[in-house]
Participant: 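Below is the structure I would like to discuss, written out as C-alpha cells.
Since we're looking at a predicted model, the values are computed, not measured.
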Amino acid sequence: MQPVTNSLLSVVVPLYNEEDNVTLLTQKIHESLVGYDYQIIYVDDFSKDKTKKVIKDLKDGKVHLIELKKNYGQSLALAAGLDYAEGDYIITMDGDLQNDPSDIPQMLTYAVSGEYDVVTGIRQKRKDSLVKKIPSKIANFLVRRVTKLDIKDNGCALKVFTRDIAKDLNLYGEMHRFITLLAFLEGGQIKQVPVKHHARNAGVSKYGLERVFKVVADMMLLLFIRKYFQRPIHLFGISGSLMIIIGVFINIYLLIVKFGLGEDIGTRPLLTVGMMFIFAGIQLFTIGIVMELLIRTYYESQNKRPYRIKKVSVGGEVK
C-alpha cells in the first residue's frame with residue numbers, strides 16, 4: 001500500500017512493565033509503516049522489569065525512549081510523549097499489543113484528508129474481561145449523555161491526531177480515557193473508524209475496578225472544565241446568589257409572621273433553613289471569587305509540566 005503522506009509520523013506508546021511485548025510491538029509498527037517517515041516514542045513510566053533494557057538493546061534508530069523519574073500514570077506518560085513528538089501526525093496506542101499497528105495507515109487516510117483533526121478507533125470484537133468492559137461501557141454511556149458527543153469507544157488507545165490538536169491537550173489524572181473529548185473541546189473534528197483488537201500478548205493488565213472511581217471523578221472535573229473553567233463565578237456565583245435569595249425570602253416571610261401576625265418563630269425549623277441558605281450561599285459565592293482568582297493565576301503563571309524526565313535515548317544511545 002502506498003504511503004498516504006510524506007510527513008513525519010510520531011507513534012507515542014506509554015509503557016509500564018511490558019518487557020515481553022515491546023520487541024514484537026516494534027516489529028509490527030515497522031511492518032505497518034513501510035514507506036513512511038516515522039519515529040517510535042516509547043515512554044517508560046518507571047517500569048520495574050527490563051522494559052528499558054529491552055528497548056535499548058534493540059539499537060533501533062527510529063526508537064526514542066523517554067524514561068520518567070517516577071511512576072506518574074498513563075496520562076502523564078502519554079503527555080510526555082506528546083510533548084516530545086516531532087511529527088505532523090501523532091499516533092497513540094497501548095504497549096500490550098491489543099491495538100494493531102496495521103490499522104494506522106487506514107486511519108491516516110482520514111487525518112491526511114484535512115477534514116478531521118482526530119481519528120479514533122472503535123474496537124471490534126473486544127478481547128477484554130468483563131472487569132474492563134463493564135466500566136468502559138458505563139463511562140462511554142455517561143460521556144455520550146452528558147456531553148452530547150457520540151463517541152462509541154472512549155477507551156480505545158489507538159488514535160491519530162494532527163500536531164496542532166495533540167500539542168494543545170492537557171492530560172492529568174485518568175484523562176487519557178477522555179482524550180477524544182478533550183480534543184473535541186479544543187475544536188477538533190472527530191472521525192471514528194473500526195479497528196482490530198487482540199487479547200493481551202504477555203504480561204498482566206494494569207486495570208482494576210478501583211479505576212472506575214477515578215474515571216468518574218475525572219469525568220466530573222472534565223465537565224466542570226468544559227462549562228465553567230474560564231468563568232467559575234458563573235457556577236458558584238449564580239448558585240450562591242440563588243441560595244441567598246431563597247434564604248432572604250424565607251426570613252422575610254418569618255419576619256411578617258413574627259411582627260405582622262405576632263406568632264413565635266424561634267422554634268420553627270424554617271428559621272434554621274433560611275439562615276443555612278444564606279450562609280451556604282455566601283460560602284458558594286466566596287468560592288466562586290476564589291476560583292476566579294485561581295483561574296487568573298493559572299493563565300498567567302509559567303507553563304510548567306507536571307512530570308519530570310530522567311533521560312532520553314535514541315537507538316539505545318543517550319540523546
Participant: Using modelled atom types only, decide if a donor and an acceptor are shared between the side chain of N71 and the backbone of D45 within a distance under 3.5 Å.
Facilitator: yes

Participant: As an exercise, state the distance from OG1 of T272 to CZ of F277, rounded to the nearest 0.5 Å.
Facilitator: 12.5 Å

Participant: For the CD1 atom of I287 and the CD1 atom of I282, what is their distance to the nearest 0.5 Å?
Facilitator: 12.5 Å

Participant: Identify, with sequence neighbours excluded, every residue that meets side-chain contact (heavy atoms from CB on, under 4.5 Å) alongside K196.
Facilitator: D100, S102, D103, H198

Participant: Going by side-chain contact (heavy atoms from CB on, under 4.5 Å), I55 matches just one of L15, I40, D60. Which one?
Facilitator: L15

Participant: How many angstroms lie between CD1 in I278 and CD1 in I244, if you round to the nearest 0.5 Å?
Facilitator: 8.0 Å

Participant: Would you indicate whether Q106, at its atom CD, is surrounded by more than 12 heavy atoms from other residues, nucleotides or ligands within a distance under 6.0 Å?
Facilitator: yes

Participant: Can you confirm whether S313 sits close enough to K56 that some side-chain heavy atom of one is under 4.5 Å from a side-chain heavy atom of the other?
Facilitator: yes

Participant: Would you check if I104 and I29 make a side-chain contact, meaning some heavy-atom pair closer than 4.5 Å?
Facilitator: no

Participant: For a 4.5 angstrom cut-off between non-hydrogen side-chain atoms, does F184 reach T180?
Facilitator: no

Participant: Let me check something: do L181 and V160 share a hydrophobic cluster, defined by ILVMFWY side-chain heavy atoms less than 4.5 Å apart, either directly or through other members?
Facilitator: no

Participant: Specify the closest pair of heavy atoms between G87 and S10, including all atoms of both residues, with the distance to one decimal.
Facilitator: N-OG, 2.8 Å

Participant: Check for a donor-acceptor pair, side chain of N99 on one end and backbone N or O of D94 on the other, with a separation under 3.5 Å.
Facilitator: yes

Participant: Just to verify, what does Y84 make a ring pair (Phe, Tyr, Trp, His ring centres under 6.0 Å) with, not counting sequence neighbours?
Facilitator: H64

Participant: Within this structure, what is the NZ-CD distance for the pair K191 and E115, rounded to the nearest 0.5 Å?
Facilitator: 9.0 Å

Participant: Do you know the tightest heavy-atom contact between G274 and I250?
Facilitator: CA-CG2, 3.8 Å

Participant: Tell me the closest heavy-atom pair linking I90 and A166, and the distance in Å.
Facilitator: CD1-CB, 3.7 Å

Participant: After noting the C-alpha distance and the side-chain angles of D44 and L65, does the key distance pass the side-chain contact (heavy atoms from CB on, under 4.5 Å) rule?
Facilitator: CA-CA 7 Å; D44 183 74; L65 171 62; 4.0 Å; yes

Participant: Give me the atom names and distance for the closest heavy-atom approach of G187 to D117.
Facilitator: O-OD2, 4.1 Å

Participant: Side-chain heavy atoms under 4.5 angstrom apart, residues restricted to Ile, Leu, Val, Met, Phe, Trp, Tyr: same cluster for L254 and M276?
Facilitator: no

Participant: Is it the case that the side chain of S47 and the backbone of N17 share a donor-acceptor pair, with hydrogens and angles ignored and the cut-off at 3.5 Å?
Facilitator: yes

Participant: Any pair with a residue in residues 156-171 that passes salt bridge (charged side-chain N to carboxylate O under 4.0 Å, His left out), sequence neighbours left out, goes on the list, sorted by first then second residue, please.
Facilitator: none

Participant: Within a strict 4.5 Å, meaning less than it, do heavy atoms of the Q39 and E86 side chains meet?
Facilitator: yes

Participant: Do the non-hydrogen side-chain atoms of I66 and Y42 ever get within less than 4.5 Å of each other?
Facilitator: no

Participant: Step by step, would you call K48 with Y16 a side-chain contact (heavy atoms from CB on, under 4.5 Å)?
Facilitator: CA-CA 8 Å; K48 303 298 184 183; Y16 182 69; 3.9 Å; yes

Participant: Might you work through the side-chain contact (heavy atoms from CB on, under 4.5 Å) test for L78 and V13, ending with a clear yes or no?
Facilitator: CA-CA 7 Å; L78 189 58; V13 188; over 6 Å; no

Participant: Is the shortest side-chain heavy-atom distance between L9 and T5 below 4.5 Å?
Facilitator: yes

Participant: Do you reckon M243 sits in the same ILVMFWY cluster as V273, going by side-chain contacts under 4.5 Å, direct or chained?
Facilitator: yes

Participant: For atom NZ of K28, decide whether the heavy atoms of other residues, nucleotides or ligands shown that lie under 6.0 angstrom number more than 12.
Facilitator: no

Participant: According to a hydrophobic-cluster definition based on side-chain heavy atoms being under 4.5 Å apart (Ile, Leu, Val, Met, Phe, Trp, Tyr only), do V12 and L182 belong together?
Facilitator: yes

Participant: How many angstroms lie between atom CD of E67 and atom NZ of K310, to the nearest 0.5 angstrom?
Facilitator: 6.0 Å

Participant: Would you say CE of M275 has more than 12 non-hydrogen atoms from neighbouring residues, nucleotides or ligands within 6.0 angstrom?
Facilitator: yes

Participant: Give the C-alpha distance, both sets of side-chain angles, the deciding distance and a yes or no for side-chain contact (heavy atoms from CB on, under 4.5 Å) between T120 and I179.
Facilitator: CA-CA 10 Å; T120 182; I179 192 171; over 6 Å; no

Participant: Is a donor on one side and an acceptor on the other found under 3.5 Å between the side chain of Q192 and the backbone of I190?
Facilitator: no

Participant: Can you find a pair of side-chain heavy atoms, one from I122 and one from V195, that are under 4.5 Å apart?
Facilitator: no

Participant: Using ring pair (Phe, Tyr, Trp, His ring centres under 6.0 Å) as the criterion, list what pairs up with Y38, not counting sequence neighbours.
Facilitator: H30

Participant: Would you kindly confirm whether I41 and I165 end up in one hydrophobic cluster when ILVMFWY residues are joined by side chain heavy atoms under 4.5 Å apart?
Facilitator: yes

Participant: Sort and list the pairs that fulfil salt bridge (charged side-chain N to carboxylate O under 4.0 Å, His left out) and have at least one residue in residues 250-275, not counting sequence neighbours.
Facilitator: E263-R268

Participant: Can you pull out every ring pair (Phe, Tyr, Trp, His ring centres under 6.0 Å) where at least one residue sits in residues 86-119? Sequence neighbours excluded, please.
Facilitator: none

Participant: Is the backbone N or O of E18 less than 3.5 Å from a side-chain atom of T51, with the two atoms forming a donor-acceptor pair by type?
Facilitator: yes

Participant: So I245 and V248, do their side chains get closer than 4.5 Å, heavy atoms only?
Facilitator: no

Participant: Can you tell me how far apart CG (L58) and NZ (K53) are? Round to the nearest 0.5 Å.
Facilitator: 10.5 Å

Participant: Please check if any side-chain donor atom of D96 sits under 3.5 Å from a side-chain acceptor atom of N21, or the reverse.
Facilitator: no

Participant: Is the backbone of S7 close enough, under 3.5 Å, to the side chain of D88 for a donor and an acceptor to pair up by distance?
Facilitator: no

Participant: Is E19 reaching over with its side chain to a backbone N or O of V54, donor-acceptor style, under 3.5 angstrom?
Facilitator: no

Participant: To check you understand the geometry: which heavy-atom pair defines the closest contact between P105 and S32, and what is its length?
Facilitator: CG-O, 3.4 Å

Participant: For residues L25 and L97, report the shortest heavy-atom separation together with the two atoms involved.
Facilitator: CA-CD2, 3.6 Å

Participant: Checking K152 against D150 for the salt bridge (charged side-chain N to carboxylate O under 4.0 Å, His left out) test, could you report, in this order, the C-alpha distance in whole Å, the side-chain angles of both residues, the deciding distance, and whether it holds?
Facilitator: CA-CA 6 Å; K152 295 179 173 58; D150 186 21; 3.6 Å; yes

